[in-house]
Number of protein chains: 2
Amino acid sequence: MRRDVFQGIADPTRRAIILLIAMQAMTPNAIAEHFKTSRQAVSKHLQILTECKLVKQEHSGREIYYQLNGAKMADIDKWLEQFKKIWETRFNQLDEVLLTMKKNKK
Amino acid sequence: MRRDVFQGIADPTRRAIILLIAMQAMTPNAIAEHFKTSRQAVSKHLQILTECKLVKQEHSGREIYYQLNGAKMADIDKWLEQFKKIWETRFNQLDEVLLTMKKNKK
DNA sequence: TATATGTGCAATTATTCGGTTGCGCAAATT
DNA sequence: AATTTGCGCAACCGAATAATTGCACATATA
């Protein structure tokens with residue numbers, strides 16, 4: 001299944017997990033302790049987060065530390081950037097309109 | 001049903017709709033023309049976007065113009081801000097570590 | 001070696017999601 | 001007044017989602 005970042009952050013539990021491991025890389029068990037759901041459920045969320053590259057694994061013996069992939073978080077920022085540009089353009093157009101009005105006035 | 005912004009932007013069609021009306025407010029029919037889905041399907045997406053306040057309506061006779069609520073888009077930006085702060089803190093801590101190492105060296 | 005621990009994976013279930021179709025209603029058009 | 005147009009709403013359907021439970025397997029620990 002093809003996942004994207006926006007699907008990754010859609011679930012509130014997953015956003016909480018992201019926030020947790022943003023501060024410190026953690027194992028599934030350690031993460032699960034912070035929630036009232038089972039470890040397996042957390043593991044599934046981690047799988048989804050891994051699929052959309054929001055999270056990276058680091059193996060250490062039998063433990064697996066999950067850590068946030070900051071670069072992928074930037075994808076969201078990038079998407080938002082689009083709208084900032086659109087709004088800027090809007091304002092520029094508004095400026096032009098005002099300028100034209102001013103010209104026609106005199 | 002309680003919706004949040006992240007659920008709103010989770011679906012690719014909805015993101016496309018958001019982008020469309022970001023440029024110009026549009027009616028459901030006009031929006032639907034840009035996709036291969038039915039008007040009713042688009043209407044459902046608009047309903048969801050309205051529920052999470054990402055979109056506002058403006059009635060004009062029997063037509064309804066949907067426009068983007070930029071303020072709500074900022075919610076996403078706000079959420080991302082958290083992580084930027086966490087990362088900054090991380091870097092500051094790294095600075096401290098390097099500083100401590102430097103001190104111990106001499 | 002036997003046991004405990006950390007993990008992923010498969011099967012199951014209830015719920016939600018995205019879509020279609022059909023309908024009713026109010027506003028425009030004829 | 002009759003018809004067309006734009007819209008929301010409800011019923012329905014197949015697919016995806018989130019969560020639970022049970023299991024298998026590798027790595028520590030006794």
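Given the structure is predicted, the values throughout are model-derived calculations rather than measurements. Every chain is numbered from 1, with letters handed out A, B, ... down the list of sequences.
- With rounding to the nearest 0.5 Å, the separation of CD1 in B:I31 from CD1 in B:I18 is 10.5 Å.
- Proximity of B:N29 to the phosphate of D:dC7: a side-chain N or O atom is located under 4.0 Å from OP1 or OP2.
- When heavy atoms are screened at a 4.0 angstrom cut-off, A:Y66 is found touching the sugar-phosphate backbone but no base atom.
- In this structure, B:F35 is a member of the same hydrophobic cluster as B:L54, with clusters built from ILVMFWY side-chain heavy atoms closer than 4.5 Å.
- OP1 or OP2 of C:dG19 sits under 4.0 Å from a side-chain N or O of B:T13.
- Residue A:R3 places no side-chain N or O under 4.0 Å from the OP1 or OP2 atom of D:dA16.
- For the pair B:Q7 CD and D:dA18 P, the interatomic distance rounds to 9 Å; values are reported in whole Å.
- Side-chain nitrogen and oxygen atoms of B:T37 include none within less than 4.0 Å of the OP1 or OP2 phosphate oxygen of C:dG19.
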_One character per nucleotide, please: for nucleotides 23-30 of chain D, 5' to 3', B when the base has a protein heavy atom closer than 4.0 Å, S when only the sugar-phosphate does, - otherwise._
----BS--
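- Contact annotation: A:H45 side-chain N/O to D:dT17 OP1/OP2 distance is not under 4.0 Å.
- Within the structure, a side-chain polar atom (N or O) of B:S43 is placed less than 4.0 Å from OP1 or OP2 of D:dG8.
- Contacts with DNA chain C (heavy atom under 4.0 Å) in residues 15-26 of chain A: none are found.
- Residue contacts for B:Y65: at a heavy-atom cut-off of 4.0 Å it reaches no nucleic acid atom on any strand shown.
- In this model, the phosphate group of D:dA18 is approached by a side-chain N or O of A:R14 to a distance below 4.0 Å at OP1 or OP2.
- In this model, a donor atom of one side chain and an acceptor atom of the other lie less than 3.5 Å apart for B:H59 and B:Q57.
- Put simply, CG on A:D11 is 18 Å from P on D:dA16, counting in whole angstrom units.
- Between B:T27 and D:dC7 there is a side-chain N or O to OP1 or OP2 distance below 4.0 Å.
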